[in-house]
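Note that these values count all heavy atoms, side chains included, but never hydrogens, waters or copies made by symmetry. Predicted model, so just to flag it, every value in this text is computed and none were measured. Protein chains get the first letters and strands the later ones, always in sequence-line order, with residue 1 at the start of each.
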Amino acid sequence: MSDNENKENAATPETSTHFIEDIIDADLAAGKNDGRVATRFPPEPNGYLHIGHAKSICLNFGLAQKYGGTCNLRFDDTNPATEDVEYIDAIQEDVRWLGFDWGDRLYYASDYFEQMYEYALVLIRAGKAYVEALSVEEIREYRGNFTTPGRESPWRDRPVAENLDLFARMRKGEFKDGELCLRARIDMQSPNMNLRDPVMYRIRHAHHHRTQDDWCIYPMYDWAHGLEDAIEGITHSLCTLEFENHRPLYDWFLEQLPIHRPQQIEFARLNLSYTVMSKRRLLKLVEQQLVTGWDDPRMPTITGMRRRGYSPAALRRFAERVGLARRDGIVDMALLEHTVREDLNETTPRVMAVLNPLKVTIENYPEGEEEFFEAPLHPEKPEFGTRQLPFSRHLYIERDDFREDPPKKWHRLSPGAEIRLRYACLIRCNEVIKDASGEVVELKCTFDPDSRGGNAPDGRRVRGTSHWVSATHALPARVRLYDRLFRVENPLKTEEGGDFVDNLNPQSLEELRDCRVEPYLATLAPEARVQFERLGYFVADRHEFRPDDMVFNRAVSLRDSWARIERSQPTGPSSANRGQRRAAEKQGAQPSAPAPAAKTETKPQAAAPAASPAEITIDDFARLDLRVGVVVAASEVAGAKKLLQLQVDIGEARPRQIMAGIRARYDDPSQLVGKKVIVVANLKPRQMKFGLSEGMLLAGASEDGTRLELAELSGDILPGDTVA
RNA sequence: UGGGACGUAGGCUAAUGGUAUGCCCCAGGUUUUUGGUACCUGUCAUUGUAGGUUCGAAUCCUACCGUCCCAACCA
């Protein structure tokens with residue numbers, strides 16, 4: 001590589017610029033705004049901030065940092081009916097915790113009310129605004145709809161003097177709520193509904209948390225927001241896509257006034273799988289006590305994620321990583337979890353905790369004796385230091401780390417097997433003690449005195465390493481295991497008449513009350529993040545943790561490749577697949593290919609370490625939407641030996657295309673045409689090599705049990721009928 | 001239904017007329033006193049579809065299809 005190339009590479013930025021940076025670069029190049037970049041983060045104090053806001057915060061503050069500009073924190077407090085000081089405090093705490101500093105640039109829209117009022121007078125005098133006397137219902141009716149243009153209000157041509165008088169009296173409080181309002185005089189025919197004489201001020205005799213009872217008229221968003229930006233000298237006003245239709249209005253208002261003209265730019269809001277992101281819905285979860293509060297660790301709120309143990313750096317990195325574009329989509333929760341693991345892996349000390357303790361007695365270790373092993377707090381970072389691990393005759397190990405009948409590839413403890421206790425020694429299991437019900441209650445083991453520190457004296461290979469605590473020294477703790485709040489990727493997709501709360505994951509929280517942790521953990525401060533070795537990243541609960549009553553929340557589990565191996569083992573407990581098949585057999589049918597059940601839908605949660613992996617319940621099975629389908633076309637798929645491509649009418653606007661691995665049985669596909677079959681209608685469509693498959697057909701063994709056969713139906717049934 | 005936007009792999013994302021980038025997911029492997037981490041390898045895209053312009057198109061043009069947003073005195 002030449003020097004030249006080296007230089008070029010060095011100059012190439014690691015991340016490419018996104019479209020907003022491109023706009024700013026162009027503005028700067030054109031000499032706009034005197035080379036200034038000024039952004040703002042303008043939350044309405046009517047709820048807590050969520051991860052979507054975090055994206056916006058990182059964007060706005062990040063841009064200011066990058067361009068040497070400023071970013072204001074501004075509360076858009078124009079609606080006293082829904083706003084509250086509780087939120088004002090919480091929002092500031094969240095932004096600060098995320099790592100951003102607004103310096104002395106904290107502003108409130110309500111500080112501009114007087115100025116806005118003056119500007120409204122300007123519009124009235126110019127004949128661009130008028131006092132409306134129609135009722136809310138009448139205004140709605142006059143507005144028309146998408147297809148029919150609006151009609152002009154009878155008050156639209158009220159003389160300026162009268163408007164001025166009425167508006168002044170509105171302010172003085174001479175009218176009741178809703179009796180009058182101030183409207184912009186724009187265009188009732190506009191195809192953009194926002195331009196059909198939008199309301200600028202409404203009358204609300206309400207107490208405002210900052211202006212008290214000074215005002216009884218409050219500005220609407222469209223009128224207020226551009227003014228707030230203009231007054232603060234914002235250059236680039238960033239907002240989400242749904243405000244795109246408002247931009248002509250944003251611009252129109254500012255054009256009427258002799259003030260600074262900020263530029264509104266929209267970007268796609270962040271959506272995350274397995275959660276909801278609107279304040280309205282989050283509020284519902286809180287109010288109906290479906291979660292413990294705004295800071296419930298399962299909530300996608302910033303404060304919830306904080307309590308969950310996510311770090312500010314992880315959230316910032318995530319915001320960076322999801323990118324910025326104008327196309328909306330749903331970011332995979334797995335990306336967030338990956339980012340959290342990545343950050344916590346680098347920043348977090350390792351400690352040992354046993355969540356489901358199983359008693360172990362080291363028979364050749366003297367009763368009453370103890371010793372201490374020095375163990376590093378981070379295996380790759382000596383600068384983290386070490387701590388002393390007490391060891392004695394009586395220990396606890398994780399119940400999951402022992403199996404009486406070990407499956408293949410099991411590296412952990414089982415009768416006669418030898419494992420390493422992390423940083424301590426090698427032990428071998430000699431005897432299994434069970435209680436009356438047959439449950440394993442204790443293991444009798446011996447340790448190899450020459451293996452102190454954990455190394456095999458003769459270099460023998462010991463593959464399994466378990467975490468452990470000394471029973472005589474360990475401290476009790478409560479541990480909460482969290483899982484995703486919703487059991488489906490998009491909780492907003494519900495059955496007819498359903499509600500997103502129907503999709504809540506009933507197993508999103510599991511509290512373990514009988515955990516044992518090493519003594520070192522009592523020195524932790526609330527909110528300290530640690531890795532419990534081999535289990536996951538945990539945080540000392542910021543509200544409930546005390547040295548004598550320890551409470552930990554699991555931020556995220558470690559990746560668990562054993563769970564994967566076991567899942568794929570034919571002899572292991574049933575995989576998601578097998579479970580589903582078993583359930584299907586009860587109904588006398590067996591799902592046949594194409595895609596053996598959507599992986600992402602039935603994937604067992606890596607979570608709950610104690611849970612038996614991958615079972616599905618009868619409730620899961622009931623989620624299958626089975627429909628009657630009529631095959632309208634069937635053909636072979638060129639290049640695929642097993643597949644048939646079917647068009648199946650299930651009573652929808654168009655037939656579904658379904659790829660089925662049944663070619664071996666139906667060598668003449670045309671014989672299938674006209675047959676009534678059973679279709680899994682709510683299976684996530686799957687893009688296969690040979691085309692999209694939009695469902696799955698049920699099949700079973702033929703009567704003589706020798707071949708596969710599609711389950712067929714007959715009788716007076718129609719495509720789309722539900723199969724009970 | 002009128003208007004506005006958006007379509008790149010299973011999910012995000014890059015590309016600025018020069019032959020599809022990176023991350024996540026998934027599958028395998030190496031190292032390992034965490035079945036973690038790190039590292040390596042692999043699967044997956046004729047860029048929504050169909051035409052056109054061009055030596056050359058994800059990029060420009062046309063048409064179609066699909067998805068999202070808008071009919072609060074909410075923001």
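- For B:C73, neither phosphate oxygen OP1 nor OP2 lies less than 4.0 angstrom from any side-chain nitrogen or oxygen of A:R183.
- In this structure, A:F243 and A:Y221 have tilted ring planes: the angle between them lies in the 30° to 60° band.
- In this structure, A:T78 reaches the B:A75 phosphate: one of its side-chain N or O atoms is under 4.0 Å from OP1 or OP2.
- Rounded to an integer number of Å, the gap from A:E320 CD to B:C12 P is 18 Å.
- Once the 5.5 Å centre distance and the 30° plane angle are applied, the aromatic ring of A:Y221 is found not to be stacked with the base of B:A75.
- Heavy atoms of A:H246 sit under 4.0 angstrom from at least one base atom.
- The aromatic ring of A:H225 does not sit over the base of B:A75; the criterion of centres under 5.5 Å apart with planes under 30° is not met.
- Annotation: of the two residues near RNA chain B, A:G323 and A:G454, the 5′-most nearest-nucleotide partner is A:G323.
- Across all strands, A:L335 comes closer than 4.0 Å only to sugar-phosphate atoms, never to a base (heavy-atom distances).
- Counting heavy atoms from C-beta on, the side chains of A:R321 and A:E342 come closer than 4.5 Å.
- Geometrically, A:R204 does not engage A:Y218 in a cation-pi contact defined by less than 6.0 Å to the ring centre and at most 45° from the axis.
- The phosphate of B:U37 (OP1 or OP2) has no side-chain N or O of A:R341 nearer than 4.0 angstrom.
- Residue-level contact check: A:V322 touches the backbone only, with heavy atoms under 4.0 Å from sugar-phosphate atoms and none from bases.
- Note on A:H338: a side-chain N or O is less than 4.0 Å away from OP1 or OP2 of B:C24.
- Across all strands shown, B:U1 remains unpaired; no Watson-Crick or G-U wobble contact has both distances below 3.5 Å.
- Comparing the P positions of B:A27 and B:U21 gives an interatomic distance of 23 Å, to the nearest angstrom.
- For the residue pair A:N145 and A:T147, a side-chain donor N or O sits within less than 3.5 Å of a side-chain acceptor on the partner.
- Between the side chains of A:N46 and A:E44, a donor-acceptor pair is found at a separation under 3.5 Å.
- If A:E342 and A:V199 are placed on RNA chain B by their nearest nucleotide, the residue sitting closer to the 5' end is A:E342.
- If you check every strand for non-hydrogen atoms under 4.0 Å, A:I565 touches a base.
- Between the side chains of A:R40 and A:S237, at least one donor N or O lies within less than 3.5 Å of an accepting N or O.
- Counting non-hydrogen atoms under 4.0 angstrom, A:D22 reaches a base of the nucleic acid.
- In this structure, A:A456 reaches neither bases nor backbone, as no heavy-atom distance under 4.0 Å exists between it and the strands shown.
- Within 3.5 Å, a donor on the side chain of A:E380 pairs with an acceptor on the base of B:G36, or the reverse.
- Under 4.0 angstrom from either OP1 or OP2 of B:C6 there lies at least one side-chain N or O belonging to A:R326.
- Residue A:G536 is out of contact with every strand shown, counting any heavy-atom pair closer than 4.0 Å.
- For B:C26, the OP1/OP2 oxygens have a side-chain nitrogen or oxygen of A:R564 closer than 4.0 Å.
- Separation of the C1' atoms belonging to B:U37 and B:C12 is 24 Å when rounded to the nearest angstrom.
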Q. Are A:T465 and A:R420 close enough, and set up right, to give a side chain to side chain donor-acceptor pair (under 3.5 Å), and what steps lead you there?
A. CA-CA 5 Å; A:T465 300; A:R420 172 172 24 252; 3.2 Å; yes
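- Aromatic ring centroids of A:F75 and A:Y87 lie 6.0 Å or more apart.
- Considering only side-chain N and O atoms, A:R143 lies under 4.0 angstrom from the phosphate OP1 or OP2 of B:A72.
- When rounded to the nearest whole Å, the span between CD of A:E398 and C1' of B:G35 equals 14 Å.
- Across all strands shown, B:G35 forms no Watson-Crick or G-U wobble pair with both key distances under 3.5 Å.
- At whole-Å resolution of the value, CG in A:L249 and C1' in B:C73 are 15 Å apart.
- In this model, no side-chain donor or acceptor of A:D328 finds a partner on the base of B:C68 within 3.5 Å.
- Comparing B:A72 with B:C44, their P atoms sit 50 Å apart, to the nearest whole Å.
- Across all strands shown, B:C60 pairs with B:G52; the Watson-Crick or G-U wobble distances both stay below 3.5 Å.
- Residue contacts for A:S561: at a heavy-atom cut-off of 4.0 Å it reaches the sugar-phosphate backbone alone, with no base atom in range.
- Within 4.0 Å of A:R559, counting heavy atoms only, lie sugar-phosphate atoms of the nucleic acid but no base atom.
- Remark: the A:Q531 side chain and the B:U34 base include a donor-acceptor N/O pair separated by less than 3.5 Å.
- Contact annotation for A:D76: backbone-only contact, meaning every heavy-atom pair under 4.0 Å involves sugar-phosphate atoms and none involves a base.
- B:C25 is unpaired under the criterion used here, namely a Watson-Crick or G-U wobble arrangement in which both key atom distances are under 3.5 Å.
- A:Y537 and A:Q531 form a side-chain donor-acceptor contact under 3.5 Å, judged by distance and modelled atom types alone.
- The residue A:P42 sits apart from the nucleic acid: no heavy atom pair falls under 4.0 Å.
- Here B:A72 is in the syn range [glycosidic angle within 90° of 0].
- A:F146 does not qualify as a stacking partner of the B:U1 base, lacking a centre-to-centre distance under 5.5 Å together with planes within 30°.
- Counting to the nearest Å, the C1' atom of B:U32 and the CZ atom of A:R350 are 13 Å from each other.
- OP1 or OP2 of B:C74 lies within a sub-4.0 Å distance of a side-chain N or O belonging to A:R204.
- Using a 4.0 Å heavy-atom criterion, one finds that A:N145 contacts the bases of the nucleic acid, with or without backbone contacts as well.
- Using a 4.0 Å heavy-atom distance criterion, A:E44 is classed as a sugar-phosphate-only contact.
- Looking at heavy-atom distances under 4.0 Å, A:W410 makes contact with a base.
- For B:G4, its base never sits under 3.5 Å from the side chain of A:R247 at any donor and acceptor pair.
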